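Data first, discussion second: the structure below is written as structure tokens.
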Amino acid sequence: MGAGSFIQVILPLRLDWQPYYRCDAEVSPGQRVSLHFSGRRYSAVVYRTGVTPDVDVSRLRSIDAVENGLEPVTAGELRFWEFLASYYMCSLGEVYKAACPEGKIKAELTGAAMLERLRTRLSLRRESLGKRHTQRVRERLEQECKELEIRIARLSGPAVSETPGQAASKPLLLAGGGRTEEYIALCRAALEKGLNVLVLTPEIAAGAHLEKIFEAAFPGSVYGISSRLTPGMRRRITVDMRCSGGCIVVGTRISLFLPFCRLGLIIVDNEQDPLYKQSDPAPRYNARDAALMLGRIHGADVILGSPAPSLESCYNVASGKYGLRHTGAMLPEAEIVDISAERRKNGMVGCLSRKLIRAASGCAGPVALIRGWEKAEEVSEVCRSVLEGRHVDVLTVYEAMSGGLQDYALVAVLQADALMSPDDFRADERAVQALAVLREQCRGRFIVQTAKSEHPVFSSAPECIYPKLMEERKAFQLPPYTRLVDEYRGGVQERHVLSPDAGLAGRKRRLYEDARSFERGNGGRVHVKFDVDPV
């Protein structure tokens with residue numbers, strides 16, 4: 001770029017366009033620059049260089065500076081951001097804000113300042129070495145130089161080039177229990193090639209449980225990342241992901257925004273879990289589907305694991321989009337207790353059936369009770385009266401699903417009907433999947449109390465009930481046979497049903513443009529947002 005050149009930048013704002021700026025310095029896409037926009041200073045990302053503005057160039061401002069201390073955004077990251085903005089109907093600025101929150105940018109600036117101080121100290125130490133010193137002082141200076149060089153290399157090691165753009169292999173759906181051993185074998189093969197691995201989990205507790213398993217198999221090569229990570233710790237992980245291979249990242253959906261190099265394998269565990277969906281703020285993305293695009297960008301293998309896969313994934317297997325492999329491990333059987341029948345014969349003590357009480361009294365080990373509509377105090381009170389002296393933990397469904405049920409001799413769901421919401425067309429599917437996740441973890445007896453014991457959710461295996469659910473979805477034109485786009489305008493929701501054909505992207509773009517036009521016509525007083533159904 002020469003003097004008087006123009007660039008387009010991405011700002012961490014909800015803008016429908018990428019602003020133009022003058023830039024006399026030599027920059028490239030992905031580089032970071034500081035500038036002023038609407039009276040405020042921002043750290044922006046160079047989106048395009050050498051562009052011809054479609055506005056009066058005399059009104060364009062110049063950037064303030066090129067932020068050489070901040071690592072540039074890679075070409076792979078920019079492609080990933082463009083996909084999220086396009087598919088999930090939001091702006092590039094909103095994606096940038098999610099990928100690089102203010103705390104992360106501050107940590108990067110702090111790290112850059114620290115690196116500059118270390119380089120200054122190293123320069124002074126080397127300059128001092130050129131002078132005359134006693135042997136003892138010289139040895140101390142040489143030792144300090146070595147330590148400074150190590151710290152500088154750790155913070156600014158030479159970046160390894162991104163994985164060559166090889167063709168991505170077909171995603172594989174790994175169904176059934178006992179998947180962890182297969183995950184470890186796949187990770188070992190990737191690490192032997194010097195590649196990085198991303199393991200996605202739906203929430204923090206499940207990630208911590210899986211992180212311990214991988215750390216035992218690959219000591220020193222595993223990083224855990226989640227929203228609870230401090231900016232400094234996240235920055236150290238970011239440096240390693242940008243500069244080296246042979247690492248495993250176990251984390252929640254925010255891990256997708258790491259600047260990966262040499263990414264060779266992505267594992268999405270419990271791919272059916274609704275917690276992979278980001279609800280607010282934008283981008284309102286599904287991490288499972290975003291991981292598929294990330295794998296395509298990097299040419300990485302993608303494994304979707306689940307004891308009871310989502311119907312979307314089953315549909316993609318049937319259409320040939322995904323491969324399928326069963327682990328062969330059978331899930332433990334569930335013992336069904338009919339609450340209605342037990343009540344008729346005085347077989348209930350509060351929220352516990354007498355069958356469950358006998359089973360809990362006779363088991364050799366701790367007991368986990370998973371409550372539904374019941375309050376924790378109510379369950380604890382009944383346990384004190386009928387299970388005195390027993391070790392009983394009262395858990396919510398999400399606490400139980402996050403891992404750790406392996407230590408219990410008996411696990412019981414007190415009111416399984418609470419898993420099914422009458423207002424959600426996915427209720428039966430979600431209930432089957434939740435029970436499968438609980439059964440997979442259980443090493444002892446597994447008891448399910450329900451007032452609907454004849455319901456297919458409780459009386460059928462996932463492979464038996466799924467064909468019926470797919471028929472219902474097709475008859476009522478629901479996903480995976482269609483795409484749903486929920487549009488919210490000032491608190492009013494409107495649902496758009498789109499068929500997933502070649503014109504889907506165009507229809508979504510028209511919806512987005514109509515909504516933004518509506519906002520501008522109302523002076524921006526009505527905020528419009530979109531919630532796009534998973535692919």
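Being a predicted model, the structure only gives us computed values, none of them experimental. Note that the numbering runs from 1 along the sequence shown for the chain.
Within the 4.5 Å cutoff, side-chain heavy atoms of V268 are placed close to those of Y276. Between E203 and Y398, the closest side-chain pair of non-hydrogen atoms is not below 4.5 Å. Contact annotation: the side chain of C187 approaches that of L265 to within less than 4.5 Å [non-hydrogen atoms, C-beta and beyond]. With a 4.5 Å cut-off on side-chain heavy atoms, F214 and V197 do not count as touching. Put simply, the side chain of R119 does not reach to within 4.5 Å of the side chain of L148, judged on heavy atoms. Y47 has its side chain out of reach of P19: every pair of non-hydrogen atoms, C-beta onward, lies at least 4.5 Å apart. In this structure, the side chains of I7 and I63 come closer than 4.5 Å at one or more pairs of heavy atoms. Side-chain contact between F83 and L294 is absent, with no heavy-atom pair separated by less than 4.5 Å.
Atom NZ of K97 is surrounded by 12 or fewer heavy atoms from other residues, nucleotides or ligands within 6.0 Å. Within a 6.0 Å sphere centred on OH of Y481, other residues, nucleotides and ligands contribute more than 12 heavy atoms.
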Step by step, would you call E147 with Q143 a side-chain hydrogen bond (donor to acceptor under 3.5 Å, both in side chains)?
CA-CA 6 Å; E147 292 174 355; Q143 181 62 30; 3.3 Å; yes
Under the side-chain hydrogen bond (donor to acceptor under 3.5 Å, both in side chains) rule, what do Q433 and S310 come out as? Steps first, then yes or no, please.
CA-CA 8 Å; Q433 292 163 351; S310 63; 5.5 Å; no
Run the side-chain hydrogen bond (donor to acceptor under 3.5 Å, both in side chains) check on T327 and E182 step by step: do they pass?
CA-CA 8 Å; T327 61; E182 297 212 29; 5.5 Å; no
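Every residue two or more places apart in sequence or in another chain was checked for a side-chain hydrogen bond (donor to acceptor under 3.5 Å, both in side chains) with T252, and none qualifies.
A salt bridge is defined here as a Lys NZ or Arg NE, NH1 or NH2 lying under 4.0 Å from an Asp or Glu carboxylate O, and E149 with R126 meets this definition.
No hydrogens or angles considered: nothing links the side chains of Y408 and Q441 as a donor-acceptor pair under 3.5 Å. One side chain, H133 or S128, offers a donor N or O that lies under 3.5 Å from an acceptor on the other. A donor-acceptor contact closer than 3.5 angstrom links the side chains of S169 and D301.
Looking only at distances, no side-chain donor or acceptor of Q31 sits under 3.5 Å from a matching main-chain atom of V45. Checking side-chain atoms of N196 against main-chain N and O of G246 turns up a donor-acceptor pair under 3.5 Å. Side chain of E139 to backbone of E142: no donor-acceptor contact under 3.5 angstrom is found. In this structure, the side chain of Q8 engages the main chain of Q18 through a donor-acceptor pair within 3.5 Å.
The two atoms that bring R284 and K277 nearest to each other are O-CE, 3.4 Å, heavy atoms only. Contact detail for Q272 and R430: the closest heavy-atom pair is O-NH1, 3.4 Å. Nearest heavy atom pair, residue D533 against residue R426, reads OD1-NH2, 2.7 Å. P283 and E94 make their closest contact through CD-O, 3.7 Å (heavy atoms, listed as atom of the first residue, atom of the second, distance). Across G178 and E440, no two heavy atoms sit closer than the pair N-OE2, 3.9 Å. Of all non-hydrogen atoms in A287 and R253, the two that sit nearest each other are CB-CB, 3.5 Å.
Note: Y88 and Y285 have perpendicular aromatic rings, judged against thresholds of 30 and 60 degrees for the angle between ring planes.
For the atom pair CZ of R288 and CG of L275, the computed distance is 12.5 Å after rounding to the nearest 0.5 Å.
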